Amino acid sequence: MSAVPVAEIVRRSGEIRDAISRAARSRGRDPAAVALMAVTKGHSAATVANAAGAGLTLFGENRVQEGAAKIESLRAGFPQIIWHLIGPLQTNKAKTALQCFQVLESLDRERLAGRLESLLAAEGRILPVLIEVNLAKEPSKSGVFPEDAPRLCEAALACAHLDVRGLMAVPPFDEDPEKSRPYFRQLRQLRDRLAEQFARPLPELSMGMSHDYAVAVEEGTTEVRVGTALFGPREPL
């Protein structure tokens, strides 16, 4: 795979941050409250290295195996990188994921919560997690259905080694970013209800991608997950 040049990443990330700033200020929000995650699925370790050289520190990978290879190759040279797993996690890959990622954004079932708790307890380690919600109940996507989120949240909160930080979602894709707005609003409202129900702050909302991140910022996201707008289209695997 060819690497996206540092200068190009600097230019694109600057444009994205400017758009985040405009969207945040339009709603009276502090732009600094919105983190920019570089999604590197399908991109080379060299591109990740260039992105780190451009000042990015937060990275997301969708697949454990692909992410693990990049993380291992870059660990020594770029210790400042924080890696989030943003794709579905099979229970039998939980141990490998814990060796690579600092945050899991795709907790979607009680069985996985239990497996992670067992592994983390053995290490004496706390893992920040987000609960992934399948807002539109799309069969092709992972995530707990909205009506089942309270039960999963309760189960995760009962795990002493899981730090439940908030919610994540991927709305149905539509070229019109405004079509994502109702889903973003729904996720924020669900987060607020869960925080009230369990009397616990759930400060994080991970929502918004390359085509709709500005709308997500307007609706309260604390993290946007951007790949194509930063690096261009993924190369075929």
Side-chain angles (χ1 to χ4, degrees), residues 1-4 9 35-52 56-116 119-120 125 127-136 138-144 152 156 162 165-173 204 206-213 223-237:
M1 300 179 193
S2 59
V4 182
I9 298 173
L36 171 59
M37 173 189 287
V39 177
T40 50
K41 172 185 175 182
H43 294 285
S44 66
T47 289
V48 176
N50 286 350
L56 295 168
T57 57
L58 179 61
F59 290 80
E61 277 286 337
N62 293 71
R63 300 188 181 101
V64 172
Q65 187 171 356
E66 180 185 348
K70 293 176 194 174
I71 292 166
E72 184 59 33
S73 69
L74 295 164
R75 196 189 302 272
F78 300 92
Q80 76 275 23
I81 291 180
I82 299 170
W83 290 97
H84 289 212
L85 180 62
I86 59 176
L89 176 59
Q90 297 174 21
T91 307
N92 62 1
K93 293 185 179 178
K95 188 171 184 178
T96 301
L98 289 178
Q99 294 170 350
C100 301
F101 297 93
Q102 288 104 316
V103 179
L104 171 68
E105 295 201 6
S106 50
L107 181 63
D108 61 357
R109 60 199 186 279
E110 292 181 45
R111 182 170 176 240
L112 177 59
R115 175 61 174 159
L116 290 169
L119 292 168
L120 291 162
R125 171 184 167 194
L127 179 72
V129 299
L130 301 182
I131 292 173
E132 182 178 8
V133 184
N134 188 338
L135 295 169
E138 295 176 273
S140 62
K141 289 182 181 175
S142 57
V144 65
L152 177 57
L162 296 183
R165 301 291 300 159
L167 305 181
M168 183 270 262
V170 182
F173 179 82
E204 305 297 336
S206 175
M207 57 188 193
M209 299 168 70
S210 288
H211 67 294
D212 58 10
Y213 66 84
E223 173 191 281
V224 295
R225 308 182 305 272
V226 180
T228 302
L230 267 175
F231 306 122
R234 295 192 299 268
E235 294 186 11
L237 296 177

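Computed from a prediction, not measured in an experiment: that's the story for all the values here. FYI, side chains are in, hydrogens and waters are out, and symmetry mates aren't considered; it's all heavy atoms of this structure.
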>> My understanding is that only residues two or more places apart in sequence, or in another chain, count here; which of them pass side chain to side chain contact (heavy atoms under 4.5 Å, CB included) with Ser73?
In response: Ala45
> When rounded to the nearest 0.5 angstrom, what distance separates CG in Leu112 from CD in Gln90?
Replying inline: 10.5 Å
> Angle class for the Phe101/Trp83 ring planes (parallel below 30°, perpendicular above 60°, tilted otherwise)?
Replying inline: perpendicular
>> According to ring pair (Phe, Tyr, Trp, His ring centres under 6.0 Å), who are the partners of Phe231, at least two apart in sequence or on a separate chain?
In response: His43
>> Suppose we screen for side-chain hydrogen bond (donor to acceptor under 3.5 Å, both in side chains). Which residues come up paired with Glu138, at least two apart in sequence or across chains?
In response: Lys141
>> Among residues at least two apart in sequence or on other chains, which ones pass side-chain hydrogen bond (donor to acceptor under 3.5 Å, both in side chains) with Ser142?
In response: Glu132
> Can you tell which of Ile131, Leu130, Val144 makes a side chain to side chain contact (heavy atoms under 4.5 Å, CB included) with Leu167?
Replying inline: Ile131
>> Suppose we screen for salt bridge (Lys or Arg N to Asp or Glu O under 4.0 Å). Which residues come up paired with Arg115, at least two apart in sequence or across chains?
In response: none
>> Using the side chain to side chain contact (heavy atoms under 4.5 Å, CB included) criterion, which residues pair with Gln80? Sequence neighbours excluded.
In response: Ala52, Thr57, Phe78
> Restricting to pairs with a member in residues 75-84, which pass salt bridge (charged side-chain N to carboxylate O under 4.0 Å, His left out), not counting sequence neighbours?
Replying inline: Glu72-Arg75
>> When you compare the side chain of Met207 with that of Met168, does any pair of heavy atoms fall below 4.5 Å?
In response: no
> Mind checking whether Ile86 and Arg225 have side chains closer than 4.5 Å, heavy atoms only?
Replying inline: yes
> Got a sec, which pairs hit side-chain hydrogen bond (donor to acceptor under 3.5 Å, both in side chains) with one end in residues 103-114, sequence neighbours left out?
Replying inline: His84-Glu105, Thr91-Arg109, Glu105-Ser206, Glu110-Arg151
>> Checking the side chain of Ser210 only, and the main-chain atoms of Thr228 only, is there a donor and an acceptor separated by less than 3.5 Å?
In response: yes
> Any idea which heavy atoms bring Thr47 and Ala3 closest together, and the distance?
Replying inline: OG1-CA, 3.2 Å
> Looking at Glu223 and Met37, what are the two nearest heavy atoms and their distance?
Replying inline: OE2-CE, 3.4 Å
> Under a 4.5 Å cut-off applied to non-hydrogen side-chain atoms, are Leu116 and Leu107 in contact?
Replying inline: yes
>> According to side-chain hydrogen bond (donor to acceptor under 3.5 Å, both in side chains), who are the partners of Glu61, at least two apart in sequence or on a separate chain?
In response: Thr40, Lys70
List the atom pairs, donor and acceptor, that lie under 3.5 Å between side-chain atoms in residues 92-100 and the rest of the protein, sequence neighbours left out.
none

> Looking at residues at least two apart in the chain, or sitting in another chain, which of them share a ring pair (Phe, Tyr, Trp, His ring centres under 6.0 Å) with Tyr213?
Replying inline: none
>> What I'd like to find out is whether the side chain of Leu89 reaches to under 4.5 Å of the side chain of Leu104, using heavy atoms alone.
In response: yes
> Between Leu74, Val48, Ile71, which is the residue that forms a side chain to side chain contact (heavy atoms under 4.5 Å, CB included) with Phe59?
Replying inline: Val48
> Are any of the side-chain heavy atoms of Val226 and Leu36 separated by less than 4.5 Å?
Replying inline: yes
>> Quick one, Leu230 with Val39, criterion side chain to side chain contact (heavy atoms under 4.5 Å, CB included). Give me CA distance, side-chain angles, the key distance, then yes/no.
In response: CA-CA 8 Å; Leu230 267 175; Val39 177; over 6 Å; no
